[in-house]
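Accompanying notes for the structure given below.
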Amino acid sequence: MDKQSYVGNSDVSAIDSLYQQYKQNPESVDISWQRFFEGFEFRQTEFEALPGGSSGNVVSGEMAKEFKVINLINAYRQRGHLFTETNPVRQRRKHTPTLDLEHFGLVESDLEITFQAGAEVGLGPAKLRDIIQHLKDCYCKHIGIEYMYVRDPQRVLWLRERIEQVNKPKFNAEEKKQFLEMASKASLFEQYVHRKFVGAKRFSVEGCEAVVPAMDYIVRHGGDMGVKEFVIGMAHRGRLNVLTNIMGKPQEQVFAEFEGLEYDEESNFDGDVKYHYGYSNDITTANGNEVHLTLCPNPSHLEAVNPVVEGLSRAKIDHYLNSEDKIVPVLVHGDAAVAGQGIVYEVVQMALLDGYRTGGTIHIVTNNQVGFTTNYLDARSSTYCTDVAKTTLCPVFHVNADDVEAVIETMKIALEYRMRFHMDVFVDLLGYRKYGHNEGDEPKFTQPTLYKLIASHPSLREIYLKQLIAEGTVDEAYGDQVKKSFESMLDTKLEIAKTMKVAQVKHFLEETWKNIRKATTDDFEKSPDTGFDKKKLTALAKKISTLPEGEKIFAKTAKVFADRLKMIEDDKLDWAMGELLAYATLLEERHPVRVSGQDVERGTFSHRHAVVKTDEDHEKEFILLNQISDKQAKFSVFNSLLSEYGVLGFDYGYAFGTPNGLTIWEAQFGDFNNGAQIIIDQFISAAEDKWRTMNGITMLLPHGYEGQGSEHSSGRLERFLQLCAENNMQICNCTTPANFYHLLRRQVKTDYRKPLVVFTPKKLLRYPKAVSSLDDMAKGRFQELIDDSNINKKEVDTVVFCSGKVYYDILEYKEKNGIGGNMAVVRLEQLYPLPETQIRKVISSYGKNVKLIWAQEEPENMGGWSYILRMLRDLAFDVVSLPASASPATGSPKVHEKRTGEMMSKLFSYSGVKA
């Protein structure tokens, strides 16, 4: 129980009644009230010893005043953060009501009265003047804290004990010298680069340099607490400073990037700007602790890296750390971005979910009080930029970024809170931005008053050095030596950089990915064999289709699994069996599998049933894919929160940490992937070309035109194909369970990794013709292209290429109308990388004069048509599709049926197709 719960917003008459009850029988009231009344009676005894004695009215009046002081104390706890000295460059906004005495029924003369309420803040009986001074020191100086909304009394008490300490521990001289060294490195690095690379963009952290000693401290203190790894995500501001001063990236490499050198090895490698690259390094702290640091690469899209950091952290926990205590994710936000970017909310909501938790994240906000040119008052409606933290009841510290020791004190509490409770915590470093958005930008266009103040404001190093000199910890000569030594080292590094011929860019997880090679164009000519011993495959099929004995299973679920056993017996496996067997075989081969997304446990269309529940009276869970064998890898499947952006980003990060496994994100409908467009555009399609980072994330996007409307038909194939170049990812649209099975296995069985985007079916999940045999899966490989095996090639004068479910639409029309003997229908199962050699070989097998048609179910301006036209320019393809349309699909099944019929009629009358 919160030991102060009995004093908040208390009604005096009710307390008086409780006091009377206490006097009759002390044990009849809660122990906390017993202690309070004991103190009150002690105070009453003191009062009665004074001349004049006491009366009932005096007792009642004294008690009332005690509770007015209690209310004052609680007000400081709840609202003290509004009246802090946390803004280093200008006055804070005024908030009302204030914490003045009159708002609590107290007067100036009460200041000299001793109150028992002083015990509530650790002072014991104390004068009101001393109580207020202590509260101001705790809540209204350079650190403000919001925590009273936290609903867990244990967490509230833990925080309060640290905030309201009467004799707070002081930092010793050696610690202060370490803080000065880091503050000096942060300030001097920025100043050095500003002089040596005039006008170059670096997104200086000056004004919030305290983030550097803050991060240095949590790494060192975390190492002492047993933390083995930190995974960091941050935007461009201050990134170069963190890379060199925290991550240990050689300064000469950063300086070479300023020189604009060409990249090593590959002439077609695009690279990225210097303040987007990631980095990993092993460091040894002063106390001898080995700590691994990872800074994830990020795009300019602010906060987009957040879920990637969380996913990578979770992968490390799952695969080898096996503890949330051994890793800490750290996200560094900007004030405008943390308030304005919705991805922050999505990631915060993940923090306590089984499939996405990482044991708590430390959020650090470098609060510039401006976003590019936008004033903070125009950037949010909330009081603070960090108010999103209250979504999950995280404590928030607001700290003056000019006070190094206040920052370090806050980081100590924040880290220990995270380690104790495994929950998120926010630290808002309130500072400023010395220059404009970048070093070439003029901030006085939009904030002239603020930047007049900033122009004369001393640096963090200057402020802290002056403080330490004044208190006698160091002298001026010490500060000069720190500066001289650091700048001399930078001079040496700059000279080395001038001798470098090329800029080096390496995978930021080089050690994790050391056994995975870069793919070549030849790798995509033909897929490797992905078969699996048939006897073992059959045994696995039965095992994952057999429900546990003695359990009462929901009847419809039981039928699904009975049907699966019948499929094995009949050797006609449907789509779900193909998928689940791909997982089972990979698990048996010790490749972990993770499937995540909205409703993936059952599957949007009730086809997967990876998690089995018993009947409504018990609702126990079973995951049959985790009951294959003792040696198998783990299968993880998680229904996600209703998010695309955050969850795909998380799973992409998870795939970074899982090069030997299969990591899948499935959209509820393929159409919804555009909610995660930033992850697709900035990471999945471009990361290897920007950052030399491989990733094997697999996206499953249900796609197919069946009259379900504009948001339940198209996974937007055309958009993915537009993003394809340089073998950056794989785009597939399979038509058989076996080919899907081989495709999923291929994703892990190659010795390279590429993102895989699969447009998965809806209709085909239970379509009688979309079945495969165990032999189809036990033998062979993924087929990028499937030729028409039901045709006499000598009679063919028209060859139709298509992809996905439309193949069966064509087949149905053919069979229904008894036509099409001279038309071959070829399925393009992989659209990118385009199997051009196979396409041309198949076309040549039909002779020289055949007509070529591309048929698609999507409108002409969507789907694969524009891509096929661009990639096969020399082949005279015509197209048969739905007419170009602004909306992907109709919402009327009848209209859909009519349009599809018209399209088929056009296709089969295209060249006088014969029976």
Side-chain angles (χ1 to χ4, degrees), residues 604-605 644 667-677 680-681 685 699-724 731-735 757-764 767 798 800-813 825-829 831-832 834 851-873 875-911:
T604 300
F605 312 104
E644 289 80 35
Q668 189 181 70
F669 285 84
D671 316 59
F672 301 156
N673 79 78
N674 56 12
Q677 198 67 51
I680 296 164
D681 289 349
S685 67
M699 296 174 63
L700 304 184
L701 307 180
H703 173 92
Y705 280 59
E706 289 137 14
Q708 294 189 45
S710 59
E711 279 77 53
H712 296 85
S713 300
S714 176
R716 294 291 191 173
L717 173 64
E718 64 281 353
R719 293 183 178 173
F720 287 90
L721 293 174
Q722 188 182 45
L723 293 170
C724 290
I731 311 296
C732 298
N733 194 356
C734 302
T735 57
V757 183
V758 188
F759 290 82
T760 52
K762 295 170 285 180
K763 173 180 176 177
L764 303 191
Y767 191 67
T798 303
V800 176
F801 281 79
C802 65
S803 188
K805 186 266 297 181
V806 72
Y807 165 75
Y808 291 99
D809 295 337
I810 296 170
L811 206 61
E812 283 178 15
Y813 194 92
V825 184
V826 180
R827 288 171 272 176
L828 191 56
E829 303 277 291
L831 289 102
Y832 190 84
L834 188 68
K851 291 185 178 295
L852 299 176
I853 299 173
W854 174 259
Q856 64 179 40
E857 58 185 336
E858 302 88 356
E860 186 176 335
N861 59 321
M862 302 177 192
W865 169 234
S866 297
Y867 167 77
I868 292 296
L869 197 59
R870 174 167 60 88
M871 298 295 288
L872 302 172
R873 295 175 190 268
L875 299 177
F877 271 97
D878 284 323
V879 64
V880 174
S881 68
L882 297 178
S885 173
S887 172
T890 177
S892 166
K894 289 189 176 180
V895 173
H896 165 74
E897 187 177 345
K898 178 184 177 184
R899 288 177 179 174
T900 302
E902 290 170 351
M903 190 181 89
M904 291 298 154
S905 179
K906 179 181 177 182
L907 177 65
F908 282 90
S909 63
Y910 204 87
S911 184

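Atom set for the values below is all heavy atoms of this structure, side chains included, hydrogens, waters and symmetry mates excluded.
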Non-neighbouring partners of E706 that pass salt bridge (charged side-chain N to carboxylate O under 4.0 Å, His left out), sequence neighbours left out:
K762
Can you sort out the partners of H712 under ring-ring contact (aromatic ring centres under 6.0 Å, His included), two or more places apart, ordered by chain and number?
F669, F672
Distance-only, no hydrogens or angles: does the T890 side chain make a donor-acceptor pair with backbone N or O of H896 under 3.5 Å?
no
Less than 4.5 Å apart, side chain to side chain, heavy atoms only: is that true for M904 and D809?
yes
Can you confirm whether L852 sits close enough to L872 that some side-chain heavy atom of one is under 4.5 Å from a side-chain heavy atom of the other?
no
Could I get the full list of ring-ring contact (aromatic ring centres under 6.0 Å, His included) partners for Y705, not counting sequence neighbours?
none
Check: M699 and I680 side chains under 4.5 Å, non-hydrogen atoms
yes
Inspect the surroundings of CD in Q722 and state if more than 12 heavy atoms from other residues, nucleotides or ligands are less than 6.0 Å away.
no
Is a side-chain donor or acceptor of S685 paired with a backbone partner of D681 at a separation under 3.5 angstrom?
yes
Atom CD of residue position E897 - does it have more than 12 heavy atoms of other residues, nucleotides or ligands inside 6.0 Å?
no
State whether the side chain of H703 and the backbone N or O of G670 hold a donor-acceptor pair below 3.5 Å, judged by distance alone.
no
Determine whether I868 and L721 satisfy the following criterion, side-chain contact (heavy atoms from CB on, under 4.5 Å), listing intermediate values before the conclusion.
CA-CA 10 Å; I868 292 296; L721 293 174; over 6 Å; no
Using only atom types and a distance under 3.5 Å, with no angle test, would you say the side chain of N673 pairs donor to acceptor with the backbone of G715?
yes
Does CD in Q708 sit with more than 12 non-hydrogen atoms of other residues, nucleotides or ligands closer than 6.0 Å?
yes
Tell me every residue that passes ring-ring contact (aromatic ring centres under 6.0 Å, His included) with F801, counting only those two or more places apart in sequence or in another chain.
F877
Nearest-0.5 Å distance that lies between atom CG in L831 and atom CZ in F720
12.5 Å
Would a 4.5 Å heavy-atom cut-off, applied to side chains only, mark P888 and M862 as touching?
yes
Does a side chain donor of either Q856 or S803 reach within less than 3.5 Å of an acceptor in the other side chain?
no
Check salt bridge (charged side-chain N to carboxylate O under 4.0 Å, His left out) between R899 and all other residues, then give those that pass, not counting sequence neighbours.
none
Could you go through the side-chain contact (heavy atoms from CB on, under 4.5 Å) check for Q677 and N674 one step at a time?
CA-CA 5 Å; Q677 198 67 51; N674 56 12; 3.7 Å; yes
Can you tell me if N861 uses its side chain to pair, donor with acceptor, with the backbone of S885 under 3.5 Å?
yes
Pairs in or reaching into residues 856-868: which pass salt bridge (charged side-chain N to carboxylate O under 4.0 Å, His left out), with residues at least two apart or in two chains?
K805-E857
